[in-house]
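Report on the structure given below.
The structure presented is a predicted model; accordingly, all values stated were derived computationally and were not measured. In the text below, chain A, chain B and the rest are named by the order of the sequence lines, each starting its count at 1.
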Amino acid sequence: MPVKLYDTFSRSNQALSIPKDRPFYFYCCGPTVYGPAHIGNFRTFLVQDVLRRVLEIDGTDVVHVRNITDVDDKTILRSQEQNQSLAEFTEQWIERFHKDCKSLNLLSPTAEPKALDHIDEQIQLIEKLVEKDNAYQGKDGSVYFRVQSCEAYGKLNRIKQDELKTQSSNSAGQANLADEYDRESISDFALWKARKPEDGNNFWKSPWGEGRPGWHLECSAMVHSSFNGATIDLHGGGIDLCFPHHENEIAQSESAYEKPFCTHWFHSAHLKVEGEKMSKSLGNLYTLEDLEAKNYNLMAVRYTLIASSYRQPLNFTFDSLHASESALNKIERFAEALLEKLEQPVDTDSFNHNYVKTHAIKDHGLLQNAWESLCNNLNTAACLGSLFGVIGSNSISKMDSAEAEELLESLGTILYALGINLFTATAKDSNIPKAILELAEARWDAKQNKDYAKADALRKELLSAGWEIKDSSADYEIHPID
RNA sequence: GGCGCGGUCGCCAAGUGGUAAGGCCGGGGACUGCAAAUCCUCUACCGUCGGUUCGAUUCCGACCCGCGCCUCCA
């Protein structure tokens, strides 16, 4: 089934063209590693991850490259503040990023090139651009891309060059004026940034003197080297990268190599938190660590971040996290019921291993609609809607073992596409004070002895101490009240 | 000013030219000593005004409101 995706370039839904003679080339702009990634960053990476999974289930061999930007103003500045070498500094955040990716169940990219490992290619690219007169060295020693030399500049964002220049006159453009004198045109952007004192030891040699690569250039060079100079099939990133970053990538690559840079463009919308734009000052730049500290299941975080349209801004709220937890729970009950239908019942612990994977199935059975929704521009909301429709239809009550097995495979495939593992919520390991444990134990004893008055009194006492008791038939649990 | 997105039940959110999926919350019920959990069950005419049409929430136009990018940013 063809996978359709909204293509930013053509501004329309397009069936992705899958090459027949080679894998599908998918490049994503990855993180700049100057600190922990926040959930907004992860939204983009998660959406890309789901797309990749859908393609793979569909039988497409995907080469997924996601770079790491390990040199820029922020990484340099922060490393110096920490008295660390740039490499030392970025290494810790790369590790942290990998850890976070793992806990969100993101598949590892096929390759993860780092900008600093590709300085040579970047210099070669600049040389090419200088040679072809697409670039020049400015008065400050930096090398700039001559936007005027690229007729097609602006085609991704549908911006006209003459409009770009006039932008300096409006409020948004004011900041641009600062270093206008260094370059020919306000819209020219840096390919190579000349060394400055504040860069410390962080500079590299180039034909234009010491300095460091510009951000836009890094991606062009890494795309080129990662895919051996081929035109790539899909390029992804947050919507904010659409301009100027991706526009600049196109300009650099197409000017230098004289062939189309990329066929489809894939941008995901941003995240708000509790209705507000994420920002440090508002204290709402949540990291996974923050959410874990609040005892949220990271699978619910994943669910929240992928459950609605990736093209729409998403308002991340704690309400939505709770809703996701409940929804996940509902899916778990459904899976559990299916597992019980099997002739040789499988316990929930092995569910993910046995079923959440790429089954080689053509027919998704009851979940065919759910699957088709995913293929239709990654419509995860409709997919989940179909899934819950099946869950609510009570269709499993009459199922035999074989039918349950089949549905489990379909379910597992859909969950794999979404990257959702079930039954991952770990018992919240609160440190329960001894006194509370004793009270709870006393209450349980009273209940067993049918001394309900005493049991209820103890429950109340526990409640006022901030602890809640939940009974099952054979046991009880103690939870702190939020 | 330029480019772009959106306004659907209390919240979140799909969708279609023929009278609107789903999730959460809430109400009712079952079950349970109670509570929790679980299960069953209930609730919308789609921003405003025009137009096209046999018929529009879905197409077109205007307007109102909200938002993003145009500067580092997933």
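Rounded to whole Å, the distance from OH on A:Tyr153 to C1' on B:C3 is 13 Å. Atom-to-atom, CG of A:Asn297 to P of B:C24 comes out at 16 Å; the value is rounded to the nearest Å. For the pair A:Phe334 CZ and B:U38 C1', the computed distance is 16 Å after rounding to whole Å. Computed from coordinates, the A:Asp319 CG to B:C24 P distance equals 13 Å when rounded to whole Å. To the nearest angstrom, P of B:A14 lies 16 Å from CG of A:Leu387. Atom-to-atom, NE2 of A:His267 to P of B:G4 comes out at 14 Å; the value is rounded to the nearest Å. Put simply, CG on A:Leu378 is 17 Å from P on B:A13, counting in whole angstrom units.
A:Gly238 comes within 4.0 angstrom of sugar-phosphate atoms only, judged by non-hydrogen atoms across all strands, and of no base. Using a 4.0 Å heavy-atom criterion, one finds that A:Thr32 contacts the sugar-phosphate atoms exclusively. A:Ala323 comes within 4.0 angstrom of the backbone, heavy atoms only, and of no base. If you check every strand for non-hydrogen atoms under 4.0 Å, A:Gly237 touches sugar and phosphate atoms only. Within the 4.0 angstrom heavy-atom criterion, base atoms lie near A:Lys74. At a threshold of 4.0 angstrom between heavy atoms, the contacts of A:His245 with the nucleic acid are absent. Residue A:Leu271 is classed as a base contact, given a heavy-atom separation below 4.0 Å to a base. Using a 4.0 Å heavy-atom criterion, one finds that A:Tyr452 contacts the bases of the nucleic acid, with or without backbone contacts as well. Among the atoms of the strands shown, none is found under 4.0 Å from any heavy atom of A:Ser373. Nucleic acid contact for A:Ser320: none, since no nucleic acid atom lies under 4.0 Å from a heavy atom of the residue. As judged by a 4.0 angstrom heavy-atom cut-off over every strand, A:Asn379 is placed among residues touching the sugar-phosphate backbone only. At a threshold of 4.0 angstrom between heavy atoms, the contacts of A:Gln312 are confined to the sugar-phosphate backbone, with no base atom among them. Contacts of A:Arg11 with the nucleic acid, taken as non-hydrogen atoms under 4.0 Å apart, involve only primed sugar atoms and P, OP1 or OP2.
In the region residues 99-110 of chain A, proximity to RNA chain B at under 4.0 angstrom, judged on heavy atoms, holds for none of the residues.
For the C1' atom pair drawn from B:A44 and B:U57, the interatomic distance equals 11 Å after rounding to whole Å. Taking atom C1' on both B:U16 and B:C70, the two are 35 Å apart, rounded to the nearest angstrom. Here, B:G61 and B:C25 have their C1' atoms 39 Å apart, quoted to the whole Å. Distance check on atom P: B:G27 versus B:G68 gives 36 Å, rounded to whole Å.
At a cut-off of 3.5 angstrom, the base of B:C34 holds at least one donor-acceptor pair with the side chain of A:Asp471. Side-chain atoms of A:Asp456 come within donor-acceptor range of the base of B:G33, with a qualifying N/O pair under 3.5 Å. For A:Arg311 against B:C5, no side-chain N or O and base N or O form a donor-acceptor pair under 3.5 Å.
With A:Tyr34 as the aromatic partner, A:Arg78 does not meet the cation-pi criteria of under 6.0 angstrom to the ring centre and within 45 degrees of the ring axis. Note that A:Arg52 lies outside the cation-pi zone of A:Phe26, set by a 6.0 Å cut-off to the ring centre and a 45° limit from the axis. A cation-pi contact, defined as under 6.0 Å to the ring centre and within 45° of the axis, is absent between A:Arg43 and A:Tyr310.
Tested against A:His267, the residues A:Asp240, A:Thr44, A:Thr8, A:Asp7 include a single side chain to side chain donor-acceptor pair (under 3.5 Å) partner, A:Thr8.
Regarding contacts with the backbone of B:U38, a side-chain N or O of A:Asn329 is found under 4.0 angstrom from either OP1 or OP2.
Within the shown strands, B:G4 is the pairing partner of B:C67 under the Watson-Crick or G-U definition, both distances less than 3.5 Å. Of the nucleotides present, B:C42 is the one that pairs with B:G26 by Watson-Crick or G-U wobble criteria, both distances under 3.5 Å. Base-pair partner of B:U58: not found among the strands shown (Watson-Crick or G-U wobble, both distances under 3.5 Å).
Nearer the 5' end of RNA chain B, as judged by each residue's closest nucleotide, is the contact made by A:Tyr310, out of A:Tyr310 and A:Ser324. The nearest heavy atom of RNA chain B to A:Ile391 and to A:Trp215 marks one nucleotide each, and the one closer to the 5' end goes with A:Ile391.
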#### Entry: Full working for side chain to side chain contact (heavy atoms under 4.5 Å, CB included) between A:Met278 and A:Asn41
CA-CA 11 Å; A:Met278 289 191 304; A:Asn41 297 312; over 6 Å; no
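When the nucleotides B:C24, B:A13, B:G33 are ranked by their closest atom to the side chain of A:Lys330, B:C24 comes out on top.
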